[in-house]
Each structure stands twice: as C-alpha cells, then as structure tokens.
Amino acid sequence: MAAPKSKQSFEELYKELETKVALLEQGGLSLDDSLSTYEDAVALAQRCQELLNGAEQRITRLKESIAVNEPAAAYDAFADEEGDEA
C-alpha cells in the first residue's frame, strides 16, 4: 500500500510510478488489474507533477527574492568593507 502523500518524496513516488509502468508494459495482467494499475500510475504521475510544480514555484520565489535583495545585499557588503577599513 502506498504511503500517505505527505510522507513520500518525489523520488519514491517516481520509482513507484516506474514500477507501475513496467507492469503495464510487460502485459499479462487481467483487464481489472491493468485498469487498477493504470489508475494508480495516473495518480502517481499527478502527484509527481504537483511536487515538481511546487519545486518550480519555490525556485521562482527564490530567484525573485534574490533579484529584489541583490542591490541591498551588494550595498551591505560594500558598507561592511568600508567599516572594516576605518
């Protein structure tokens, strides 16, 4: 049974997705098992996409905060260097 959403990492979910895809590609499953496995795979793919979207949003926010804070940080570093010389 799959662990709760919040407990599984992207890597764990992706590995589970790969396993489901391999089962489907091998064939030999009954129709019901194939449909169930496919449904599981779709849910795993959606969860992986959610995690990727969240990571992308975090990176975007970090980039934006760096861009906003960059001039101030550069000024602070310059001020620190001047203070050291005095």
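Two residues are said to be in side-chain contact when any heavy atoms from C-beta on lie closer than 4.5 Å; Gln8 and Glu16 meet this criterion. Side chains of Glu56 and Leu52 form no contact here, defined as non-hydrogen atoms less than 4.5 Å apart.
Note that the OG atom of Ser36 and the CG atom of Leu31 stand 11.0 Å from one another [nearest 0.5 Å]. Taken from CD in Gln46 to CG in Asn53, the straight-line distance is 11.5 Å, to the nearest 0.5 Å. For the atom pair CD of Gln49 and CZ of Phe10, the computed distance is 8.5 Å after rounding to the nearest 0.5 Å.
Screening residues 16-35 for ring-ring contact (aromatic ring centres under 6.0 Å, His included), with sequence neighbours left out, gives no hits.
Counting all heavy atoms, side chain and backbone alike, Leu13 lies closest to Cys48 at CB-SG, 3.7 Å. Taking all atoms of both residues into account, the shortest heavy-atom contact from Ser34 to Leu24 is O-CD2, 3.6 Å.
Legend: residues meeting side chain to side chain donor-acceptor pair (under 3.5 Å) with Gln57, ordered by chain and number and at least two apart, are absent.
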Inset, instruction - List the steps and the verdict of salt bridge (Lys or Arg N to Asp or Glu O under 4.0 Å) for Arg47 and Glu50. - result: CA-CA 5 Å; Arg47 183 65 183 134; Glu50 290 171 4; 3.0 Å; yes
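Cluster annotation: Leu23 is not connected to Val21 through the hydrophobic network of ILVMFWY side chains, with a link wherever side-chain heavy atoms come within less than 4.5 Å.
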Side chains of residues 37-44: which donor-acceptor pairs under 3.5 Å do they make with residues two or more places apart or in other chains?
residue: Thr37; atom: OG1; partner: Asp33; partner atom: O; Å: 2.8
residue: Asp40; atom: OD2; partner: Lys20; partner atom: NZ; Å: 3.4

